[in-house]
Amino acid sequence: MIKNVVSLVTGGASGLGRATAERLARQGASVVLADLPSSNGSEVAKELGDKVVFVPVDVSSEQDVTAAVQTAKDKFGRLDLTVNCAGTATAVKTYNFNKNVAHRLEDFQRVINVNTVGTFNVIRLSAGLMGANTPNQDGQRGVIVNTASVAAFDGQIGQAAYSASKAAVVGMTLPIARDLSTQGIRICTIAPGLFNTPMLAALPEKVRTFLAKSIPFPQRLGDPSEYAQLVQAIYENPLLNGETIRLDGALRMMP
Ligand SMILES: NC(=O)C1=CN([C@@H]2O[C@H](COP(=O)(O)OP(=O)(O)OC[C@H]3O[C@@H](n4cnc5c(N)ncnc54)[C@H](O)[C@@H]3O)[C@@H](O)[C@H]2O)C=CC1
Ligand SMILES: C[C@]12CC(=O)[C@H]3[C@@H](CCC4=CC(=O)CC[C@@]43C)[C@@H]1CC[C@@H]2C(=O)C=O
């Protein structure tokens, strides 16, 4: 079912996005791989073959995302599947009482701007092109998959900005499913637990091992391919819509 699908994957140069682009390309899909100009998206796209095109994009920019969606139309004729993986994290307490400093407002705004505004920007512009598709026998014209985090539900110390940004993605999922239902466009959100990606590689080995031990079962970090597998399952199951699915081995993050 993935063969011949035309997709847009943001954050496609690394981690969960890269694994998704790889899985889609391996099964014969076309992929517009969107990531920051500073990323190695161009090399990743070349590695993945002829049907993968890199477009330098900041997801919070209307102009950049319009160009990415236009690339799907110009190169592949349409857009069937959009996967929002671009994201950023920060870890700062709301107020540091030892140093007497408040969380910088710019840091809060930056995380919201990429994770929440960027995700919505990609959804709204993708929907425009998907709406022009010929519907399948079920009336479906397209599918959108977002990436939140378990931090949307169990935000930890220092995650006010990150958790808020991801909770907003969870919050927008149902109303957008309702908004786009008239055109047969489905939308779901994946809330990953802890995955072995460059984002997590930033942590010391000891912390990574400790984090993995906090997962009930399986007691290991998720492999990005397991995220990509769920993206495909969402695409292929016509009844999944408006829902957020935790992919976390029953992890509940501690404070
Ligand atoms: N790795 C994990 O354990 C978890 C990750 N997530 C979320 O999954 C998503 C993917 O994360 P990872 O693959 O782990 O991270 P990653 O850091 O490996 O990949 C994120 C990608 O997003 C791109 N990106 C960042 N800001 C961007 C922007 N403004 N415009 C376009 N691209 C941008 C980066 O260049 C990078 O290639 C993120 O939204 C993250 O918050 C959620 C829960 C757990
Ligand atoms: C985002 C998440 C939880 C975090 O806050 C960390 C992040 C990996 C990079 C980090 C390094 C640090 O030194 C501070 C914490 C953090 C920002 C983690 C990746 C996955 C975690 C998540 O989303 C869980 O749901």
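Counting starts at 1 for both ligands and their atoms, in listed order.
With a heavy-atom cut-off of 4.0 Å, A89 does not touch ligand 1 at all. Counting heavy atoms closer than 4.0 Å to ligand 1, residue K166 contributes side-chain atoms (C-beta onward) but none from N, CA, C or O. With a 4.0 Å heavy-atom cut-off, ligand 1 is reached by the backbone of V59 and by its side chain too. Counting heavy atoms under 4.0 Å from ligand 1, residue V150 does not touch it at all. No part of T88 comes within 4.0 Å of ligand 1, judged by heavy-atom distances.
Set against the non-hydrogen atoms of G15, the atoms of ligand 1 under 4.0 Å away are 13 (O), 18 (O). Atoms of ligand 1 lying under 4.0 Å from at least one heavy atom of L194, given by number and element, are 3 (O). Within ligand 1, the atoms closer than 4.0 Å to a non-hydrogen atom of Y162 are 6 (N), 7 (C), 40 (C), 41 (O), 42 (C), 43 (C), numbered from 1 in the order shown. The contact set between ligand 1 and T147, taken as ligand atoms under 4.0 Å from a residue heavy atom, comprises 7 (C), 8 (O), 9 (C). Ligand 1 places these atoms under 4.0 Å from at least one heavy atom of V114: 26 (N), 29 (N). Counting the atoms of ligand 1 from 1 in the order shown, those under 4.0 Å from a heavy atom of D58 are 28 (C), 29 (N), 30 (N).
Between S149 and ligand 1, no N or O atom pair is found at a separation short of 3.5 Å. Considering backbone and side-chain atoms together, N115 places no N or O closer than 3.5 Å to any N or O of ligand 1. The distance criterion of under 3.5 Å between nitrogen or oxygen atoms is not met by S39 with respect to ligand 1. The shortest N or O to N or O distance between C85 and ligand 1 is under 3.5 Å.
Sparse packing is recorded around CZ of F217, with 12 or fewer heavy atoms of other residues, nucleotides or ligands lying under 6.0 Å away. The environment of NZ in K93 is sparse: at most 12 heavy-atom neighbours from other residues, nucleotides or ligands sit within 6.0 Å.
Within the set V57, N146, T119, the minimum heavy-atom distance to atom 31 (C) of ligand 1 is found for V57. Relative to atom 25 (C) of ligand 1, the option among G87, G11, G12 with the closest non-hydrogen atom is G87. For the residues L16, V169, L247, the heavy atom positioned nearest atom 13 (O) of ligand 1 is part of L16.
Taking each heavy atom of N115 and G87 in turn, the nearest pair found is OD1-CA, 3.2 Å.
The only option from I144, T244, I176 that meets the side-chain contact (heavy atoms from CB on, under 4.5 Å) definition with T189 turns out to be T244. Of the residues listed (I215, V150, D154), the one engaging R252 in a side-chain contact (heavy atoms from CB on, under 4.5 Å) is D154, and it is the only one.
Electrostatic pairing of E226 and R23 does not count as a salt bridge here, judged by no charged N lying under 4.0 Å from a carboxylate O. Between E22 and R18 there is a salt bridge, with a side-chain nitrogen of the basic residue lying less than 4.0 Å from a carboxylate oxygen of the acidic one. A salt bridge does not link D179 to R124: none of the charged side-chain nitrogens sits closer than 4.0 Å to a carboxylate oxygen.
The main-chain N or O of F153 is never found under 3.5 Å from a side-chain atom of K166 such that the two would form a donor-acceptor pair.
Y227 OH to Q232 CD: the interatomic distance, rounded to the nearest 0.5 Å, is 13.0 Å. Note: R208 CZ to L194 CG = 10.5 Å, rounded to the nearest 0.5 Å.
Assignment of G41 to the shell around ligand 1 is not supported, since no heavy atom sits closer than 4.0 Å. In this structure, A148 has a heavy atom closer than 4.0 Å to ligand 1.
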